**Student:** 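One structure, pasted below without further comment.
What's counted below: heavy atoms across the whole structure, side chains too, no hydrogens, waters or symmetry copies. Owing to the predicted nature of the structure, the values given are computational and were not obtained by experimental measurement. Positions are given from 1 along the sequence.
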Amino acid sequence: MHISIAIDGPAGAGKSTIASIVASKFDLVYINTGSMYRAITLIAMRNKISHTDVKSVCELAKSLKIRFKGENIIVNDEDVSIDTRSINVTNAVSNYASIPELREILVRLQRDISNEYDVVMDGRDIGTVVLKDADIKFFLTADIRERARRRFQEFKEKGINVEYNKILNDIIKRDYIDSHRKLSPLKKAQDAIEIDSSRLDINEVVDMMSKYIMDYIKSN
Ligand code: DC
């Protein structure tokens with residue numbers, strides 16, 4: 001039986017943490033599509049390619065070999081996982097992710113991976129565009145202040161000093177761009193199961209999702 005699970009939601013809702021636990025629990029390949037947009041953004045910025053230079057961004061995207069090694073993202077044999085999480089990339093990525101031609105390239109790649117493997121894929125447009133026929137779709141949300149608090153905590157644990165208000169403002173900005181772009185804006189798929197994680201810890205969310213997944217597996 002082939003299975004595909006989509007998890008969408010805004011920045012900081014806990015998608016990647018939850019998706020990676022769900023992946024190991026059910027032996028699925030975890031595809032973090034945000035990290036793919038981040039990887040293109042990182043390499044474009046290194047090469048001084050602006051998001052307004054659509055042609056060069058797309059040529060670059062087509063020339064790169066992107067793959068996953070567990071939770072890490074590898075571009076042309078370089079593990080860029082840490083660099084893709086930098087503040088510079090975080091602040092620029094929504095602009096690159098708004099390029100329709102780039103989205104087309106990455107969506108194709110994401111579908112190819114899902115055709116080949118059992119996947120849990122997280123992002124913004126997985127249930128609505130990339131895997132419209134996903135077997136199970138989740139839409140994971142959380143209150144915006146709680147999402148900013150989690151990001152703040154994450155940075156603090158890594159020893160990175162950033163003001164809470166700056167993180168909150170960046171999330172507000174990113175939410176706006178992600179949900180207002182013309183192509184594939186962040187949106188709950190009609191058939192997605194919505195989970196608000198504001199007052200739930202990681203295990204509670206994983207347990208909730210696991211019940212739906214187990215029901216699906218039992219009935220198929
Ligand atoms: O989930 P994240 O913060 O790593 O995502 C990085 C950016 O990429 C975010 O601004 C939204 C965008 N993105 C997207 O447009 N479509 C996806 N499927 C995944 C991420």
**Student:** Taking all non-hydrogen atoms of both residues into account, name the closest pair between Asp175 and Pro10 and its distance.
**Tutor:** OD1-CB, 3.7 Å
**Student:** So does Asp170 pair up with Lys166, basic N to acidic O under 4.0 Å?
**Tutor:** yes
**Student:** With a cut-off of 3.5 Å and sequence neighbours excluded, list every side-chain donor-acceptor pair involving residues 87-95.
**Tutor:**
| from | atom 1 | to | atom 2 | distance (Å) |
| --- | --- | --- | --- | --- |
| Thr90 | OG1 | Arg38 | NH1 | 3.0 |
| Thr90 | OG1 | Ser86 | O | 2.8 |
| Ser94 | OG | Asp178 | OD1 | 3.1 |

**Student:** Which heavy atom of Gly127 sits nearest to which heavy atom of Asp8, and what is that distance?
**Tutor:** N-OD2, 2.7 Å
**Student:** Return the OG to OH distance between Ser16 and Tyr30, rounded to the nearest 0.5 Å.
**Tutor:** 4.5 Å
**Student:** What heavy-atom pair brings Asp196 and Leu200 nearest, and what distance separates the two atoms?
**Tutor:** O-CD1, 3.5 Å
**Student:** Taking Val119's backbone N and O only, do any of them form a donor-acceptor pair with Ser4's side chain (distance below 3.5 Å, no angle check)?
**Tutor:** no
**Student:** Over all heavy atoms of both residues, which pair between Gly123 and Thr33 is shortest? Give the atoms and the distance, please.
**Tutor:** CA-OG1, 3.3 Å
**Student:** Taking Asp125 for its side chain and Thr128 for its backbone only, find out whether a donor-acceptor pair lies under 3.5 Å.
**Tutor:** no
**Student:** Decide whether Leu109 and Ile99 are clustered together by the hydrophobic rule: side chain heavy atoms of Ile, Leu, Val, Met, Phe, Trp, Tyr closer than 4.5 Å, transitively.
**Tutor:** yes
**Student:** Tell me, yes or no, whether the heavy-atom count around Asn47 atom CG, taken from other residues, nucleotides or ligands under 6.0 Å, exceeds 12.
**Tutor:** yes
**Student:** Quick one: does Ser198's side chain have a donor or acceptor within less than 3.5 Å of a partner on Asp143's backbone?
**Tutor:** yes
**Student:** Report yes or no: does Asp118 contribute a side-chain atom to a donor-acceptor pair with the main-chain N or O of Ile3 at less than 3.5 Å?
**Tutor:** yes
**Student:** Looking at Arg150 and Glu154, is any side-chain nitrogen of the basic one under 4.0 Å from a carboxylate oxygen of the acidic one?
**Tutor:** no
**Student:** Check whether Leu131 and Ile66 end up in the same hydrophobic cluster, where Ile, Leu, Val, Met, Phe, Trp and Tyr are linked by side-chain heavy atoms less than 4.5 Å apart.
**Tutor:** yes
**Student:** Is there a continuous path of hydrophobic side-chain contacts, each under 4.5 Å between heavy atoms, that joins Val29 to Met36?
**Tutor:** yes
**Student:** For Lys62 and Glu59: C-alpha separation, side-chain torsions, deciding distance, then whether salt bridge (Lys or Arg N to Asp or Glu O under 4.0 Å) applies.
**Tutor:** CA-CA 5 Å; Lys62 282 184 194 154; Glu59 275 171 12; over 6 Å; no
**Student:** What do you reckon, is CG of Asn115 surrounded by more than 12 foreign heavy atoms closer than 6.0 Å?
**Tutor:** yes
**Student:** What's the spacing between Ser114 OG and Ile5 CD1 if we round to 0.5 Å?
**Tutor:** 11.0 Å
**Student:** If we only count heavy atoms from C-beta on, is the Phe138 to Ile18 side-chain gap below 4.5 Å?
**Tutor:** no
**Student:** Side chains of Thr17 and Val205, heavy atoms from C-beta outward: is any pair under 4.5 Å?
**Tutor:** no
**Student:** Do the non-hydrogen side-chain atoms of Leu168 and Ile171 ever get within less than 4.5 Å of each other?
**Tutor:** no
**Student:** Answer yes if Tyr37 and Val129 sit in the same cluster of Ile, Leu, Val, Met, Phe, Trp and Tyr residues linked by side chain heavy atoms under 4.5 Å apart, and no otherwise.
**Tutor:** no
**Student:** May I ask you to check whether over 12 heavy atoms, not counting those of Ile202, lie within 6.0 Å of atom CD1?
**Tutor:** no
**Student:** Return the minimal non-hydrogen interatomic distance between His2 and Tyr117, and the atom names on each side.
**Tutor:** NE2-O, 3.0 Å
**Student:** In residues 183-195, what donor-acceptor pairs under 3.5 Å come from side-chain atoms, sequence neighbours left out?
**Tutor:**
| from | atom 1 | to | atom 2 | distance (Å) |
| --- | --- | --- | --- | --- |
| Lys188 | NZ | Ala192 | O | 3.3 |
| Asp191 | OD1 | Lys137 | NZ | 3.1 |
| Asp191 | OD2 | Lys137 | NZ | 3.3 |

**Student:** So, the side chain of Ser197 versus the backbone of Ala13: is there a donor-acceptor pair under 3.5 Å, distance only?
**Tutor:** yes
**Student:** Hey, does the side chain of Asp79 reach the backbone of Ser81 with a donor-acceptor pair shorter than 3.5 angstrom?
**Tutor:** yes
**Student:** How about Glu71 and Ser20: does a side-chain donor come under 3.5 Å of a side-chain acceptor?
**Tutor:** yes
**Student:** Within the structure provided, determine whether Ser219 and Asp215 are in side-chain contact (heavy-atom separation under 4.5 Å).
**Tutor:** no
**Student:** I'd like to know if Arg67 and Glu116 make a salt bridge, using a cut-off of under 4.0 Å between side-chain N and carboxylate O.
**Tutor:** no
**Student:** Does atom CZ of Arg46 have more than 12 heavy-atom neighbours, drawn from other residues, nucleotides or ligands, at distances under 6.0 Å?
**Tutor:** yes
**Student:** Check whether more than 12 heavy atoms from other residues, nucleotides or ligands sit under 6.0 Å from atom NZ of Lys25, and answer yes or no.
**Tutor:** yes
**Student:** Do the side chains of Arg124 and Arg181 get nearer than 4.5 Å, heavy atoms only?
**Tutor:** yes
**Student:** How many angstroms lie between CG in Asp207 and CE in Met214, if you round to the nearest 0.5 Å?
**Tutor:** 8.5 Å
**Student:** Hey, could you give me the OG/CG distance between Ser35 and Leu42, rounded to the nearest 0.5 Å?
**Tutor:** 11.5 Å
**Student:** What distance separates Arg111 CZ from Ile126 CD1, expressed to the nearest 0.5 Å?
**Tutor:** 10.0 Å
**Student:** Kindly say whether Lys65 contributes a backbone atom to a donor-acceptor pair with the side chain of Asn76 at under 3.5 angstrom?
**Tutor:** yes
**Student:** Is there a path of hydrophobic side-chain contacts, each under 4.5 Å between heavy atoms of I, L, V, M, F, W or Y residues, that connects Phe155 with Phe152?
**Tutor:** yes
**Student:** Looking at Asp122 and Ile7, would you say the former's side chain and the latter's main chain have a donor-acceptor pair under 3.5 Å?
**Tutor:** no
**Student:** Looking at every heavy atom in both Ile136 and Ile213, which two are closest together, and how far apart are they?
**Tutor:** CD1-CA, 3.6 Å
**Student:** So, Lys15 side chain and Leu140 main chain: donor-acceptor pair closer than 3.5 Å or not?
**Tutor:** no
**Student:** May I ask you to decide if Thr41's main-chain N or O and His51's side chain share a donor-acceptor pair within less than 3.5 Å?
**Tutor:** no
**Student:** Within the 4.5 Å heavy-atom criterion, are Ser98 and Ile177 side-chain neighbours or not?
**Tutor:** yes
